[in-house]
Amino acid sequence: MPTPAPVLVLLGGAGDLAMRMLLPSLYHLELDNLLPPALRIIAVGRAPGDADSYRAEVKADLEARDMFDAAGWARISARLDYCATDAGRPEGARVLADRIGDHGDLVFFYALSPSLFAPVTQALQAAGLTGERTRLVLEKPIGRDLESSRAINAAIAAAVPESRVFRIDHYLGKETVQNLIALRFANTLFEPLWTSRSIDHVQITVAETHGVGDRWPYYDDYGAIRDMLQNHMLQLLCLVAMEPPSDLEPDAVRNEKVKVLRSLRPFTRASAASDSVRGQYGDGVVEGQAVKSYESEVGRPSATETFVALTAWIDNWRWAGVPFFLRTGKRMAERNTQIVIQFKPVPHSIFGGAAVDDLVANRLVIELQPDEDIALTIMNKRPGLTQEAMRLQPLPLSLSLARALGGEGGRRRIAYERLLLDALRGDQTLFVRNDEVEAAWRFVDGVADAWAAAGMAPRPYPAGSWGPGGAFALIERSGRSWNE
Ligand code: BG6
């Protein structure tokens, strides 16, 4: 008897995430012949429709992108089916079970609101769809706080063991984020310096130029700390700060990340004002275009932050006394995601005269977006035969990944391509474990509670700026400054 084919089910298959990210990712994997040959893909949505109308919609969307390939489309469209049903209800899940029929590995991708995670899982279980070959891939956010994330994790655990649950943080699928692991653990150069002995502070910036637009009904309930800090920012912080794992096995890496999260110093009412800044964008100009305020997008007054900057402290041996300055915001001056490792100055300068002022400490800048670049500033002698004392200047030792890899780096991939492939293969290394999610929520809940206790409302900032002035004061108070 032939082995039944693996099936990937996209719950929320007609939604924004599926259309914008998942289908283009699957299509690219198809073009590169990376999908399991017999894989069937079933998109599930509540909207009426059939496979033909769904395929036409996906095709139109892909054609609007730059790399449409008729042969590739023919291959993926042959795999693609659409099932109009409500998978959150037992009878709806039974309809889906009939459509799935015999299956090999069965992967459900929840591109759904987190409020549906528990009912959908229960309905899938009741329909007999959570057997040993089933994996669940859950899109962030897992809940809105610690309590709701625990309820979701418990509902999932009642149906499927943790070894078959794949929680997505798409930042972990980004090539440069994985490169951070290579940079730290495949080079002898950095790791001996990667401690409070040599590092003065760390900055993590995720600046976006777009606003919240149509997503405001979701965003207004979450804000920047729940939408970005709880997941992407803290994951980046974990990869910078974690101890070397023994290998790249999923739990080896995740054990180290969770230790970092548990070492984060909780915010208090007293530290809220000195260690954090909340902001919300007003009208302004971004990339030459006049744009409206957050409240105009929402259509009413709102107390949700679209910007957060904070100082995080990791209370462990490696990082004692090293501030991690984190900031993220929408409608910022430019799109930029970067991690800055600021080393300490030399302990004693042998250079006199003007060179004393020239001397700046080494800085490692890992840029993730818009370009992928790693640059280490090192001090050099300024060339010349001057009679005066030696003059110095910092110059970047720069590794532009696009330039260095040339064609070999290939097309820049959508982060979901890697993650979909790993979920289909069953590799959990780049997925977030239940205890990690809960530890991250514990920290973020602490920030939200501290803000509430201190009565901290978001400060306005003009769209197209770098956030409220307080974000500069936050870092400058300690004699440091953001890397611009
Ligand atoms: C998502 C957030 O998880 O990440 C969005 O919900 C944000 O608000 C997006 O814009 C940023 O992702 P990227 O890959 O564009 O940096």
Side-chain angles (χ1 to χ4, degrees), residues 12 15-22 24-25 28 65 109-115 117 137-144 149 166-180 204-239 278-281 286-287 291 294 297-298 302 304-308 326-339 366-373 411-420 430-432 436-437 440-441 444 458 463 467:
D16 177 65
L17 179 70
M19 286 300 177
R20 227 169 15 91
M21 295 289 174
L22 305 182
S25 298
H28 290 157
R65 295 167 183 258
F109 194 115
Y110 286 44
L112 299 170
S113 151
S115 60
F117 287 2
V137 183
L138 310 181
E139 179 59 37
K140 70 154 262 273
I142 310 292
R144 194 186 168 276
S149 74
F166 293 67
R167 290 178 197 77
I168 287 217
D169 182 310
H170 79 273
Y171 267 51
L172 296 179
K174 289 182 191 275
E175 198 66 22
T176 22
V177 174
Q178 291 158 54
N179 200 23
L180 194 56
I204 302 177
T205 295
V206 182
E208 301 180 287
T209 47
H210 57 73
V212 290
D214 296 345
R215 291 174 75 224
W216 71 261
Y218 147 78
Y219 192 91
D220 202 47
D221 196 26
Y222 280 74
I225 49 165
R226 296 185 174 88
D227 182 53
M228 294 295 285
L229 176 69
Q230 191 270 345
N231 33 78
H232 309 324
M233 305 284 289
L234 290 184
Q235 285 294 325
L236 294 180
L237 175 136
C238 283
L239 294 179
R278 289 179 88 186
Q280 187 189 84
Y281 59 84
V286 179
E287 292 167 341
V291 296
Y294 176 74
E297 286 178 329
V298 175
S302 165
T304 299
E305 77 286 341
T306 59
F307 173 95
V308 59
L326 272 46
R327 65 176 170 167
T328 182
K330 303 248 182 250
R331 288 283 189 233
M332 308 287 285
E334 57 188 58
R335 177 165 191 244
N336 184 264
T337 301
Q338 62 169 227
I339 299 170
I366 304 162
E367 187 173 321
L368 282 74
Q369 291 171 158
D371 299 316
E372 301 186 336
D373 193 15
R411 167 180 65 76
R412 210 165 153 179
R413 291 190 176 275
I414 305 173
Y416 284 92
E417 294 179 41
R418 156 100 275 150
L419 298 174
L420 280 163
L430 297 177
F431 295 85
V432 184
E436 262 181 276
V437 169
W441 275 124
V444 167

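Ligands are counted one by one from 1 in listed order, and the atoms in each one are counted from 1 as well.
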Task: Ligand-side contact atoms (ligand 1) for residue partner His210, heavy atom cut-off under 4.0 Å - done: 10 (O)
TODO: Using a strict cut-off of 4.0 Å, indicate which atoms of ligand 1 neighbour a heavy atom of His170.
DONE: 1 (C), 3 (O), 4 (O), 12 (O), 13 (P), 14 (O)
Open item on the list: Show the atoms of ligand 1 that are less than 4.0 angstrom away from any heavy atom in Lys330.
Closed with: 5 (C), 7 (C), 8 (O), 10 (O)
Open item on the list: Measuring from non-hydrogen atoms of Tyr219 to any atom of ligand 1, is the shortest distance under 4.0 Å?
Closed with: no
Open item on the list: Which of the numbered atoms in ligand 1 are under 4.0 angstrom from any heavy atom belonging to Lys174?
Closed with: 13 (P), 14 (O), 16 (O)
TODO: Report yes if Asp227 has an N/O atom closer than 3.5 Å to an N/O atom of ligand 1; otherwise report no.
DONE: yes
Open item on the list: Taking 4.0 angstrom as the limit and counting only heavy atoms of His232, give me the atoms of ligand 1 inside it, by number and element.
Closed with: 1 (C), 3 (O), 4 (O)
- [ ] Check Arg226 against ligand 1 and report side chain, backbone, both or neither, counting heavy atoms closer than 4.0 Å.
- [x] neither
- [ ] Assess whether atom CD of Glu175 is packed by more than 12 heavy atoms of other residues, nucleotides or ligands within 6.0 Å.
- [x] no
Open item on the list: Here's a test for you: under side-chain hydrogen bond (donor to acceptor under 3.5 Å, both in side chains), which of His232, Lys140, Lys174 qualifies with Asp169?
Closed with: His232
TODO: Output the list of atoms in ligand 1 that are nearer than 4.0 Å to some heavy atom of Arg335, sorted by atom number.
DONE: 15 (O)
Open item on the list: Any heavy atom of Glu139 closer to ligand 1 than 4.0 angstrom?
Closed with: no
- [ ] Considering only non-hydrogen protein atoms, determine which one is nearest to atom 5 (C) of ligand 1 and report residue, atom name and distance to 0.1 Å.
- [x] Arg215 NH1, 3.4 Å
Open item on the list: Please list, in number order, the atoms of ligand 1 under 4.0 Å from a heavy atom of Lys140.
Closed with: 1 (C), 2 (C), 3 (O), 6 (O)
